[in-house]
J.: 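Encoded as structure tokens, here's the structure I'll be asking about.
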Protein chains: 2
Amino acid sequence: MNTGTEAPRRTRIQQEKRELILEAALEVFSTHGFRGSTIDQIAEAAGMSKPNLLYYFRRKEDIHETLMQRLLDTWLAPLRELDDIGDPMTELRSYIRRKLEMARDFPRESRLFANEILQGAPRIMPLLAGELKTLVDEKAAVIKGWMRAGKIAKTDPWHLIFSIWATTQHYADFDVQVRAVLGPNRGGDGRFEDAARFLEQLFLEGLKPKG
Amino acid sequence: MNTGTEAPRRTRIQQEKRELILEAALEVFSTHGFRGSTIDQIAEAAGMSKPNLLYYFRRKEDIHETLMQRLLDTWLAPLRELDDIGDPMTELRSYIRRKLEMARDFPRESRLFANEILQGAPRIMPLLAGELKTLVDEKAAVIKGWMRAGKIAKTDPWHLIFSIWATTQHYADFDVQVRAVLGPNRGGDGRFEDAARFLEQLFLEGLKPKG
DNA sequence: CTAACGTTTGTCCAATCGGTCAAAAATTTG
DNA sequence: CAAATTTTTGACCGATTGGACAAACGTTAG
């Protein structure tokens with residue numbers, strides 16, 4: 001039985017070149033979107049001719065699809081790690097920290113994902129309503145357990161997860177704006193540490209003045 | 001002196017048709033990005049032929065530019081309203097509420113802006129580093145005053161503004177994902193009220209359990 | 001060496017892109 | 001009404017797009 005999903009056998013050269021192409025495509029797709037990117041651009045970024053690239057990926061969409069499949073796995077890893085063992089507040093704090101680190105270390109992946117969602121997620125809608133929803137529902141239940149146990153304040157766990165996604169990914173997706181607004185001094189390399197400190201306080205205590 | 005920025009005189013028909021085109025272009029640009037959109041698409045959405053559209057806007061970029069200029073004004077209006085008079089906590093809460101209402105009522109404008117920033121803000125970079133930075137710095141100073149006066153907790157005002165932008169615009173830019181994850185029940189029309197309730201609690205009190 | 005296989009490229013193609021242009025149609029003006 | 005002006009359109013253009021293809025090239029096993 002061929003389900004069409006298993007990876008075909010590949011030579012060593014094929015594996016290497018495919019990686020090279022995917023790396024180049026990530027760079028191009030994440031800054032121009034799918035329709036805004038051309039095969040020539042990707043081929044040039046990968047240091048090969050267009051027909052050569054099309055020898056490894058038969059269609060432009062195949063590259064994008066491969067990229068998105070890999071992305072979702074690594075992208076949701078931090079949420080998968082959110083576990084019931086350990087102190088709830090610590091768990092949440094380290095989830096936020098990990099997500100912010102991903103925004104810092106893999107901004108292209110974040111932008112690729114944002115581009116796809118912004119345009120209506122035409123290629124990954126089934127994944128969102130299926131795999132993603134299942135995972136979020138599962139983790140929302142965990143968080144709800146913490147709320148019932150009085151370990152964290154009672155709120156909507158789904159919107160809590162959204163707010164963590166939004167605030168952390170903002171530093172990857174809107175990086176240009178963040179740096180423009182912060183200026184050369186505050187917008188330097190330290191901006192992620194500033195963000196980490198701020199987000200920790202926001203999610204822990206909010207803005208209400210002490211005392 | 002002609003600075004090139006003042007609006008030329010236009011007939012009634014020109015004004016109406018230009019509005020029609022801008023409305024159609026907002027729809028198309030916001031879902032496909034600039035390079036992903038075609039003049040034919042916009043013309044069809046506006047109910048006219050391509051040459052006719054090009055009679056009102058000579059270049060594709062002119063449409064986008066006009067759209068972005070209008071956008072920034074209305075988009076930043078809520079932040080401009082953030083004022084020193086009145087209770088700080090109330091001011092912030094109503095700013096968050098207004099931003100969330102904009103995400104609900106003008107999602108296309110939000111996505112148009114997000115598309116531009118995602119792709120490196122090639123067309124509005126000067127505005128970000130100029131007008132926008134000035135406004136944010138000004139409001140950050142106001143917020144800092146509130147912190148010094150002990151009216152709200154001490155944190156980084158810039159990142160506070162970022163977090164408000166991120167959490168509210170998330171419901172416009174990532175709407176497809178939000179609805180997919182929430183499902184048909186929780187993802188219905190009530191999702192914005194749920195979000196409003198959650199965000200109010202997050203920014204006010206954070207997640208620390210009471211007592 | 002040579003045959004087989006995997007890799008690379010130059011050339012080409014149909015479709016689509018942004019944009020032009022002259023002429024027709026509609027509207028306004030006198 | 002008729003002339004002048006504005007609006008609309010069909011036909012067209014060069015450039016770029018995603019992709020096809022056969023021929024050339026490189027590598028390796030016998």
J.: Could you tell me the separation between the CG atom of B/L54 and the C1' atom of D/dT8, rounded to a whole number of Å?
T.: 12 Å
J.: Can you classify the ring geometry of A/F162 versus A/H159 as parallel (below 30°), tilted (30 to 60°) or perpendicular (above 60°)?
T.: perpendicular
J.: Round to the nearest Å and state the distance from A/M48 atom CE to C/dG10 atom P.
T.: 14 Å
J.: From CD1 of B/I39 over to C1' of D/dA15, roughly how many Å is that when rounded to an integer?
T.: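 Checked: the CD1 to C1' distance equals 14 Å.
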J.: When you check the phosphate oxygens OP1 and OP2 of C/dG19, does a side-chain N or O of B/Y55 lie under 4.0 Å from one of them?
T.: no
J.: Are A/R191 and A/Y171 in a cation-pi setup, meaning NZ or CZ lies under 6.0 angstrom from the ring centre and within 45 degrees of the ring axis?
T.: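 So A/R191 doesn't make the cation-pi contact.
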J.: Pairs in or reaching into residues 126-136 of chain A: which pass side-chain hydrogen bond (donor to acceptor under 3.5 Å, both in side chains), with residues at least two apart or in two chains?
T.: A/K133-A/D137
J.: Could you tell me whether the phosphate oxygens of C/dT7, OP1 or OP2, come under 4.0 Å of any side-chain nitrogen or oxygen in A/N52?
T.: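 Answer is no, no contact under 4.0 Å.
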J.: Tabulate atom names and distances for all N/O pairs under 3.5 angstrom spanning the protein and nucleotides 12-14 of chain D.
T.:
none

J.: Which nucleotide, C/dT7, C/dC21, C/dC17, lies nearest any side-chain atom of A/Y56?
T.: C/dT7
J.: If you assign B/R35 and B/K17 each to the DNA chain D nucleotide with the nearest heavy atom, which residue ends up on the more 5' nucleotide?
T.: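 Result: B/K17.
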J.: In whole Å, I'd like the distance from the NZ atom of A/K60 to the P atom of D/dA20.
T.: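 Interatomic distance, NZ of A/K60 to P of D/dA20: 14 Å.
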J.: How many whole angstroms separate atom CZ of A/F57 from atom P of C/dT7?
T.: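 These atoms are roughly 13 Å apart.
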J.: Would you mind telling me which of C/dG19, D/dA11, C/dG18 lies closest to the side-chain atoms of B/R59?
T.: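 The nucleotide sitting nearest to the side chain is C/dG19.
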J.: Select one nucleotide: of D/dT9, D/dG18, C/dC17, the one nearest the side-chain heavy atoms of B/S49.
T.: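 Nearest to the side-chain atoms of B/S49, counting from C-beta on, is D/dT9.
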J.: With a cut-off of under 6.0 Å to the ring centre and 45° to the axis, is B/R18 in cation-pi contact with B/F57?
T.: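 Checked: cation-pi criterion met.
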J.: Rounded to whole angstrom units, what separation is found between the CD1 atom of B/I42 and the P atom of C/dC17?
T.: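 My rounded result for the distance is 11 Å.
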J.: B/I63 has an atom CD1; how far is it from atom P of C/dG19, in whole Å?
T.: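 Answer to the nearest Å: 9 Å.
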J.: More than 12 heavy atoms of other residues, nucleotides or ligands under 6.0 Å from CZ of A/F106: is that the case?
T.: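 Result for CZ/A/F106: open.
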J.: With a 6.0 Å cut-off (strictly less than), is the heavy-atom count around CD of B/E44, excluding the residue itself, greater than 12?
T.: no
J.: Respond yes when some side-chain nitrogen or oxygen of B/Q14 is under 4.0 Å from OP1 or OP2 of D/dT6, and no when none is.
T.: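 Answer is no, no contact under 4.0 Å.
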J.: Between C1' on D/dG18 and CZ on A/F29, what's the gap in Å once rounded to a whole number?
T.: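 Value for this atom pair: 12 Å.
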J.: Tell me, which pairs form a side-chain hydrogen bond (donor to acceptor under 3.5 Å, both in side chains) where one or both residues lie in residues 65-80 of chain B, sequence neighbours left out?
T.: B/E19-B/R70
